[in-house]
Each structure stands twice: as structure tokens, then as C-alpha cells.
2 protein chains.
Amino acid sequence: MPHIPDPPRPGRPKDSTKHAAILAAAKQLFARQPFEQVTMEAVAAQATVSKMTVYSHFHDKETLFEAIVTSVADQMIGILSGSDLRDAPLRERLVAVGRDFLGVILAPGVCEMAHSLPATLRDNRPLALRFYNAGPGRVRRALAAMIAGAAERGDLAVDDPAFAADDLVSLWEGSRPAMIAFGLAEPVLPEEIRQRAERGTDIFLRAYRPDAGEG
Amino acid sequence: MPHIPDPPRPGRPKDSTKHAAILAAAKQLFARQPFEQVTMEAVAAQATVSKMTVYSHFHDKETLFEAIVTSVADQMIGILSGSDLRDAPLRERLVAVGRDFLGVILAPGVCEMAHSLPATLRDNRPLALRFYNAGPGRVRRALAAMIAGAAERGDLAVDDPAFAADDLVSLWEGSRPAMIAFGLAEPVLPEEIRQRAERGTDIFLRAYRPDAGEG
DNA sequence: TAGATACTGGACGCGACGGTATAGGATCAA
DNA sequence: TTGATCCTATACCGTCGCGTCCAGTATCTA
């Protein structure tokens, strides 16, 4: 996404801080309420900006929403593409990916939104796909590759790396995202994220360790 | 919930088939769209009933929604309270519970709704709690008890039965519910439910088998 | 048969919200 | 300074959906 460097137009330029403020306000509101319940007036008020300004930066409510989703997706990519640790032992690599993944998916703002997204995105397949591929999908693909490599080296006894990656992610998450979405649990602390990543990884390794004799 | 047997009132009695039709129509619509997008007119049309009739049976849109949630929750309880199989081997018992659970949670109508519920129920804790306790919560409690029993008998090496139950449910579900909610996958066939229940259970048993030496 | 209630269909009041219009002040480049 | 554009504030329009009212008809009990 190369940011075209403003072809110098006459008149007063747009205030990029307002743009950011609107984006931040919308992100916060969409995280709390589903699409229909977020009013453009509320976004404007939250950003301490006139409603007209909102419409001057984002033509549409849907355009604004898509900008949010895209932004979160990009943020996910940024965080998740860093965690690899080429030559650390397998467990450490998995735990690191798990920590990053949980850090994103359980973040105070993201988690609630992630669970109100489906309802809104069900009739917007392209955007839904993009979001999924930037977050959960990306992690699953990376994990499947790591697992396949470990299997070839004989470090894991795995039938299908994709299934195994799914298992690992599921063990990391547990019921936490659902509970948060239901409003039955508070957002997690970093300490719990670390514990979940380690616990899930250990259980995974125990289930798939080579001497378990599973084809 | 004992159904009070109609204190005989004068005049034409309410048509219970209409009541059921409204409930069914609403269940179908709420499964597809979030709360705000379902119009009472649509419910009436779907039930081939006048809008006024809808309001005569359910005072409110929220009342109707709560009736749906309650109905689904009761249905869950009905299905899930049957699966126990007192003296079958552990694996068979777990697989049976898993099949029932997945059958409910991945059912064509329930799964989509389950993922639009949180957004609607976040400001209705009691109802959210009731739903959770009737479905996922109930299963987790039952599983924790079964797992604790197996651990006492030495059939499993488990630190915390509640965590372990969480792991098992997570392995059963995988990413399927999320994918369906995002509209990126179709509702599942019974065959896949069986496979998931067995696969998840086997992986769980492998991770927690006693000779793995985990405290 | 009479009285009471249920169902239908259409019309409608009302509030909420997305989006537009307008007018006036602010801020930039030339 | 000028002209173009941005931002604000407010008023406004159109629509949509909830919930109600009403007049007419159907159905039940006594």
C-alpha cells in the first residue's frame, strides 16, 4: 500500500490528525457495538469532530467500517509477521507465535469486534475473507508450515499439518474469546496470555509427540 | 416451566399453531441476521400472520427474541442432558457427548445465531448467562465431572479438570464455528460431526494419557 | 344467539438515523 | 491579499421500523 505523496492541491490541506481521530473513535465504537448500533453522530462526537468532517474523510458508513477492518487487519499482519525465530527450539517458536496471536486476538478492542464482525461481514465475503486471511488464517498457515517441517524432521507425529495447526490454535484460545464476546469475562492480562500460550503448546506437543505412535 | 392449563376465558382462544409459527419464523430469521436487522414485519410475513397477531402473542421485539433464546436453550438442555452412557468406556462416553454437543452447536440454525447472540446479549447479562449455562457451560461442567472421575480412577493424568474440559471442547470445535459465522464455510454434515468428535477426543486422550507423566 | 376475544389488513404517529445543504469562520499556497 | 479548500454548527430531508389504532371478520363459550 504505497501512500501516494499528496499531489499538491490548492487550498487548505486535510488534517491528518482528524483522520486518525475519526478512525480511532470508530474503532473503539465498533468494538463495543455492532455495525447498526454505531451512529455517525456518535463517531463524530467521540472524535470531537463535526459530522460533516467525518463524511468528508469517509464517504459512507460502510466505507468507514471497511477502513476499520482493513486497519485492524494490517495491524494484525504487522504483529504476526514478526514472530518466527528461525532457529529456536520448536516449543519456543510455537509459544512465541501463540503469544503474539493471543495478544492480537484477545486485545481489549479487537476481541469484542472480532465477534461482532461475522454478523456484519456475512454479506461482504471479500472483506470477511481479507480479515480472516490477515489474522486467524495467516497464523494457521504459518503454523501448518512449521508443523509440517517439524514432522519431516521427525519431531512431531502428525497426520495432517492443517488439522494440527487448527488444534493448536483451538488449544490456545480455549473458551476465552467466546466468554469475552458474551460479556461473561473481562479482557485478559498479559500474564494470562503467556500462560495460555505455554499451556496450549505443551498439551499440543504431548498429543503429537512422535513416540505416541499415531500415523 | 409447568404450562398453566388455560384458565378458561370467554371468547375465541389464541391459536397455538400461530404462536409456534411465529416462534419458528423468528428463530429462522434471527439465525440469519442480527437483532436489529430482523423486522417485525418480516417475522409476520415469514409466519404468514398479521403483524398485530405477532404483537398479541409477544408484547415486544425483545420479548420475542428472549423467547427464541429461551427456546433454543431449552432445546439444548433436552439434547445434552440425555448423553451420558454411565458404564461405557471413557472414549465412547466422550465421543457421544462430543457428537451431541457438536450436533447442537453446529446445527444449521443454531450456529449462526450463536455468533450473533453476543452482540445482542452483551447488555443483557442474565439472558446471556442463561444461554451459556444451557449450552456450552452445561457441557463443560458435565465433561469436567467425567474427567475428574477418570482422573481419580487413574485413567487420565489431569491437573485441572475444568481446564481439561475446555481443551476437549476446543478440540471438538476447531475453527469450524468461526468459519461458519464468517460465512466462509457451510453448515456441517452429520458425518463430519462424527469425525470431529472422534478426532478431538483421540487427541485429547493422547495428550492426557497417564503415562505421559504430567502433574 | 349473544358476548367476548382473536385474526386480518391497512393506515399512521413517531423517533432514530444516514446523508445533504448552507452559511460562516479558519487555514493553507501562490 | 486572493482563492481554494477545510472545518464547524445547525438545520433539514427521506427513510425505515417499531408499535398502535381501527374497522371488519372469524371463532369460541355460555
Side-chain angles (χ1 to χ4, degrees), chain A residues 4-30 32-69 116 119-120 123-124, chain B residues 3-26 28-30 32-69 116 119-120 123-124:
Chain A
I4 293 172
D6 301 355
R9 290 195 305 170
R12 180 179 177 181
K14 290 202 177 181
D15 188 342
S16 68
T17 69
K18 308 249 173 202
H19 189 91
I22 296 170
L23 221 49
K27 201 179 289 189
Q28 187 175 334
L29 292 178
F30 279 121
R32 272 205 284 260
Q33 302 149 7
F35 182 79
E36 294 82 13
Q37 281 190 24
V38 175
T39 75
M40 295 300 265
E41 315 243 8
V43 172
Q46 178 80 18
T48 53
V49 143
S50 159
K51 188 164 74 157
M52 279 303 291
T53 303
V54 176
Y55 278 100
S56 98
H57 282 269
F58 304 92
H59 173 263
D60 219 68
K61 190 179 179 182
E62 288 201 356
T63 306
L64 175 58
F65 181 70
E66 293 195 9
I68 299 293
V69 174
S116 67
T120 313
D123 48 349
N124 191 343
Chain B
H3 203 269
I4 295 171
D6 301 355
R9 290 197 303 171
R12 180 180 176 178
K14 291 201 176 180
D15 188 342
S16 68
T17 69
K18 308 245 174 206
H19 189 91
I22 296 170
L23 220 52
Q28 186 175 334
L29 292 178
F30 279 121
R32 271 205 284 259
Q33 301 148 9
F35 182 80
E36 295 81 13
Q37 281 191 24
V38 175
T39 74
M40 294 299 264
E41 315 243 11
V43 172
Q46 179 81 17
T48 53
V49 145
S50 159
K51 188 165 72 156
M52 277 304 291
T53 304
V54 175
Y55 277 100
S56 98
H57 282 268
F58 303 92
H59 173 263
D60 219 70
K61 191 179 178 180
E62 287 201 356
T63 306
L64 175 58
F65 182 69
E66 294 194 8
I68 299 293
V69 174
S116 67
T120 313
D123 49 347
N124 191 345

Want to settle it: does B:Gly11 or B:Thr53 sit nearer the 5' end of DNA chain C, counting the closest nucleotide to each?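 Result of the comparison: B:Gly11.
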Write down the distance between [atom1] ([X]) and [atom2] ([N]), rounded to a whole number of angstrom.
X: A:Met40; N: D:dA9; atom1: CE; atom2: C1'; value: 17 Å
X: A:Ile22; N: D:dT8; atom1: CD1; atom2: C1'; value: 13 Å
X: A:Asp15; N: D:dT8; atom1: CG; atom2: C1'; value: 13 Å
X: A:Gln37; N: C:dG18; atom1: CD; atom2: C1'; value: 16 Å
X: A:Glu41; N: D:dC12; atom1: CD; atom2: P; value: 15 Å
X: A:Lys14; N: C:dA26; atom1: NZ; atom2: C1'; value: 16 Å
X: A:Tyr55; N: D:dA9; atom1: OH; atom2: P; value: 17 Å
X: B:Phe65; N: D:dG19; atom1: CZ; atom2: C1'; value: 19 Å

- Task: Report the C-alpha distance between A:Val54 and A:Glu41 in whole Å, list the side-chain angles of each, state the deciding distance to 0.1 Å, and finish with yes or no for side chain to side chain contact (heavy atoms under 4.5 Å, CB included).
- Result: CA-CA 9 Å; A:Val54 176; A:Glu41 315 243 8; over 6 Å; no
Out of curiosity, [X] [atom1] to [Y] [atom2], how far, rounded to the nearest 0.5 Å?
X: B:Tyr55; Y: B:Lys61; atom1: OH; atom2: NZ; result: 8.0 Å
X: A:Phe35; Y: A:Ile68; atom1: CZ; atom2: CD1; result: 11.0 Å
X: A:Lys14; Y: A:Thr53; atom1: NZ; atom2: OG1; result: 9.5 Å
X: B:His57; Y: B:Leu23; atom1: NE2; atom2: CG; result: 10.5 Å

If you look at every strand shown and take non-hydrogen atoms under 4.0 Å, does [X] touch a base, only sugar-phosphate, or nothing?
X: B:Lys18; value: sugar-phosphate
X: B:Met52; value: base
X: A:Val38; value: sugar-phosphate

Indicate, yes or no, whether a donor-acceptor pair under 3.5 Å links the base of C:dG9 to the side chain of B:Lys51.
-> no
Query raised in the report: Would one find a side-chain N or O of A:Ser56 under 4.0 angstrom from OP1 or OP2 of D:dC7?
Result: yes
So, does A:His57 get its side chain near the phosphate of D:dC7, meaning an N or O under 4.0 Å from OP1 or OP2?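 Answer is yes, contact under 4.0 Å.
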What nucleotide, of [options], holds the atom closest to the side chain of [X]?
X: A:Thr39; options: D:dC6, C:dC28, C:dG18; value: C:dG18
X: A:Arg12; options: C:dA26, D:dC28, D:dA9; value: C:dA26
X: B:Lys61; options: D:dC18, D:dC7, D:dC28; value: D:dC18
X: A:Asp60; options: C:dC7, C:dG19, D:dG19; value: C:dG19

